[in-house]
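Encoded as structure tokens, the structure appears first; notes follow it.
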Amino acid sequence: MSMTRTAALRTVAPERAPATHRTAHGERATIADITAGLLAPQAATSPKYLYDSLGSRLFEAICELPEYYPTRTEASIFARHGADIARRVGTGSTLIDLGAGNCAKAASLFPLLQPKQYVPIDISREFLNEAVGRLQQRFPHIAMMALALDLAGHFALPAGVEAQRRVFFYPGSSIGNFAPHEAIAFLRRVRENASHDGGLLIGVDLIKDAAVLDSAYDDAIGVTAAFNLNMLRHLNYLLGADFDVRQWQHVAFFNAEESRVEMHLEARTSLTVQWQGGERHFARGDRIHTEDSYKYTRESFADLLAQAGFTADGNWTDDAGWFAVMHARAASA
Ligand code: AVJ
């Protein structure tokens, strides 16, 4: 299951780059970041580029697929253990939603958690603003403050965010996009931003049968394939690139040694991609690594929380043990 295939590559100085009708819409730093990934020996891109507005909608569709168990399994855990979870978390908190998307998960917990303030954070500003606008109408008594932030970097919360009782909410196993050492660094930053009386409520996808994982990330009707392939359309927009989506195919599988599901885009034919500032040849079968989704055991994740300075304080799972919701406190025991 070796992923290291090296594509022949050639960089083109910008002044020699072929004239293109496309315009790059990404910021300079974004273009440089993506270019570095595309030109690396094993081409790779950050999974954050999966989420343009169509990508966010395709991810919502993934969550409705029968094969994609995380969303509904997590929801069933909240439905069954909500009261118990709320007792641990407490009411009247400032609920800070990391990677809020359509805000539906947090909203479904409002009746139980009764937060004083809700602070949804997401990378996609448009998507977030739409969702929060609707939500504020449904819950006029909860103060809301939407933040468009990329959580991959250092983040500091603005003054409008209540300083007391900060509870970070990170559902959906999004933590799985980080490699374990990155997850620890990220959770340390979260802990630094939490108040001494604050905590973390997090969804964690658990290691299970490879066939279940494989089909969750490669569903029968191809929604996940569309989600992955849509990244190429987004890259065309951001870089002014000329990816022909039809020349690529979706590949996803559980890599047991690394304890992660990997997503790749594989060239179906020999091809060359050009963009503002670069080009690369891909042989048939060469891949761009687009996402990792790490899987844990409850024990291995509790260990990771401890390394980030959190104190584990309750966890809940479904009968099959496919998914876990874990609570941790910022204060040391
Ligand atoms: C949003 C990162 C939790 O890893 O399961 C779903 C993204 N990728 N299908 C996941 C995803 C392919 C998802 N997360």
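Atoms within a ligand are numbered from 1 in the order they appear, just like the ligands themselves.
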For this session: Might you work through the ring pair (Phe, Tyr, Trp, His ring centres under 6.0 Å) test for Phe186 and Tyr170, ending with a clear yes or no?
Result: CA-CA 12 Å; Phe186 172 75; Tyr170 202 30; 5.3 Å; yes

Exercise. In order of chain and number, which residues sit within 4.0 Å of ligand 1 by heavy atom?
Worked result: Tyr51, Phe59, Ile62, Tyr68, Gly172, Ser173, Ser174, Asn177, Tyr217, Thr224, Phe227, Met263, Glu291, Ser293

Exercise. Of Glu130, Arg134, Glu60, which is the lone residue that meets side-chain hydrogen bond (donor to acceptor under 3.5 Å, both in side chains) with Asn102?
Worked result: Glu60

Problem set entry | Presence of salt bridge, Asp319 and Arg80, under 4.0 angstrom | yes

Exercise. Just wondering, are more than 12 heavy atoms of other shown residues or ligands nearer than 6.0 Å to CD in Glu182?
Worked result: yes

Exercise. Is the closest side-chain donor-acceptor distance between Asn228 and Thr290 under 3.5 Å?
Worked result: yes

Exercise. Are side-chain N/O atoms of Arg233 and Asn230 paired as donor and acceptor at under 3.5 Å?
Worked result: yes

